[in-house]
Number of protein chains: 2
Amino acid sequence: MVRLVVMSDLLERLRGRGWRMTAQRRVVAEVLDGEHVHLTADEVYTRATARLPEISRATVYNALGELVSLGEVLEVATDDRAKRYDPNAHRPHHHLLCSRCGTIRDVHPTGDPLADLPDSERFGFTVSGVEVTYRGLCPDCTTT
Amino acid sequence: MVRLVVMSDLLERLRGRGWRMTAQRRVVAEVLDGEHVHLTADEVYTRATARLPEISRATVYNALGELVSLGEVLEVATDDRAKRYDPNAHRPHHHLLCSRCGTIRDVHPTGDPLADLPDSERFGFTVSGVEVTYRGLCPDCTTT
DNA sequence: ATCCTACGATGGACCAATTCCAAGTCAATA
DNA sequence: TATTGACTTGGAATTGGTCCATCGTAGGAT
Ligand SMILES: [Mn+2]
Ligand SMILES: [Mn+2]
Ligand SMILES: [Zn+2]
Ligand SMILES: [Zn+2]
């Protein structure tokens, strides 16, 4: 039995969590749902505008912020100025990014970097997570 | 034989590399030299101003940018809005940062994260480096 | 089906971090 | 010491994001 409905897993979950559903929130969630992209707030805004022309930037920022607090979306800080929003919050992963064009890919390294930080290197911190960012050149940028 | 002169290792190197030395560039380099801090551009500007009151922000940004291109200083992007500048570019290391107050510490995890990224997870990229960022609460923020 | 109201949406002002620019200054070479 | 290309400056511009007063509406109550 093949599952044809791929969308709205996220929408479903949000509703279940009591997230008040509005046309604006729906399109933001829909833009993020689906493939594992890493859009900037402005890219989300542009795509949302295609579906709901009167949506405002402030609303997009609000919705993104809420999705992040809810743990449904991850905020990724690259060295670009703009944060990126990652809907793939359920399967833990890390990132590989192209220093030239900014492309981001999800990667799943082997090993547990948390285990690689001995107590003597924790300086009394309560360590709760770790992000690994690989940098390099994507196939396109390597040849060009 | 104890080495008393701890400063100007950086200055020395820059001179040797043919970096045209001006009063402004010197104070920026001096602010960064020495202990392993992670200052924002504005913090560098403030400290530089203490030594050379007429220096301008633009010049601080210019000098920082050049030091980064020269590989003498590392740019660290946290989730804060402002980038941090790390003079510890010679001994490879990673970072542990407090999610509450923003404190950053250098850490040296065991293991090689580059070796943990199999070819099948490189997607044709030429991978050149990796950053590991541990997050948690510093001792102060844990108790408070 | 309609009412109510607390929560959400809006756009425009505001802000912080950074970059850009035209004009003035100066370090290093000859 | 004269020359000149590189560096510095202050302010304007740009970018990415937040704030806020006001208006609109989702969804529970009736
Ligand atoms: Mn991702
Ligand atoms: Mn460091
Ligand atoms: Zn690329
Ligand atoms: Zn702290």
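Protein chains get the first letters and strands the later ones, always in sequence-line order, with residue 1 at the start of each.
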Inset, instruction - Could you state the atom-to-atom distance from CD of E54(A) to C1' of dG8(C) in whole Å? - result: 14 Å
Legend entry - Overall bend - the helix from dA1(C)-dT30(D) to dA30(C)-dT1(D), comparing terminal axes fitted on five pairs, nearest 10 degrees: 30°
Inset, instruction - Could you tell me whether D79(A) and R135(A) make a salt bridge, using a distance below 4.0 angstrom between a side-chain N and a carboxylate O? - result: yes
Legend entry - Given dA9(C), dT9(D), dT8(D), the nucleotide with the shortest approach to the side chain of R25(B): dT8(D)
Inset, instruction - Would you mind reading off the distance between I55(B) atom CD1 and dG10(D) atom P, rounded to a whole angstrom? - result: 10 Å
Legend entry - Salt bridge flag under 4.0 Å for residues D106(B) and R91(B): no
Legend entry - Test item: side-chain donor near acceptor, N88(A) and H38(A), under 3.5 Å: no
Legend entry - Whole-Å gap separating P (dT18(D)) and CG (L64(A)): 10 Å
Legend entry - Side-chain touch V132(A)/L117(B), heavy atoms, less than 4.5 angstrom: no
Inset, instruction - Compare side-chain N and O positions of S56(A) against OP1 and OP2 of dA9(C) and report whether any pair is under 4.0 Å apart. - result: no
Legend entry - For atom CG of L14(B) and atom P of dC7(D), their distance in whole Å: 13 Å
Legend entry - Short N-O contact, R105(B) and E121(A), less than 4.0 angstrom: no
Inset, instruction - Return yes if some donor-acceptor pair links the side-chain N/O of T40(A) with the main-chain N/O of A82(A) below 3.5 Å, else return no. - result: no
Inset, instruction - Look at the side-chain N and O atoms of Q24(A) and state whether any lies under 4.0 Å from the OP1 or OP2 oxygen of dT25(D). - result: no
Legend entry - Verify same cluster id: V76(B), V127(A) (apolar side-chain graph, 4.5 Å): no
Inset, instruction - Could you encode protein contacts along nucleotides 17-30 of chain C as a string, one character per nucleotide from 5' to 3', using B for base contact, S for sugar-phosphate-only contact and - for no contact, with a heavy-atom cut-off of under 4.0 Å? - result: BBBB-----BBS--
Inset, instruction - Could you check how far CZ of R26(A) sits from P of dT25(D), rounded to whole Å? - result: 14 Å
Legend entry - Set of side-chain hydrogen bond (donor to acceptor under 3.5 Å, both in side chains) partners for R26(B), sequence neighbours left out: none
Inset, instruction - Measure the shortest side-chain to side-chain distance between V68(A) and Y85(A) over non-hydrogen atoms and say whether it is less than 4.5 angstrom. - result: yes
Legend entry - Distance in angstrom units between E66(B) CD and dT8(D) C1', rounded: 11 Å
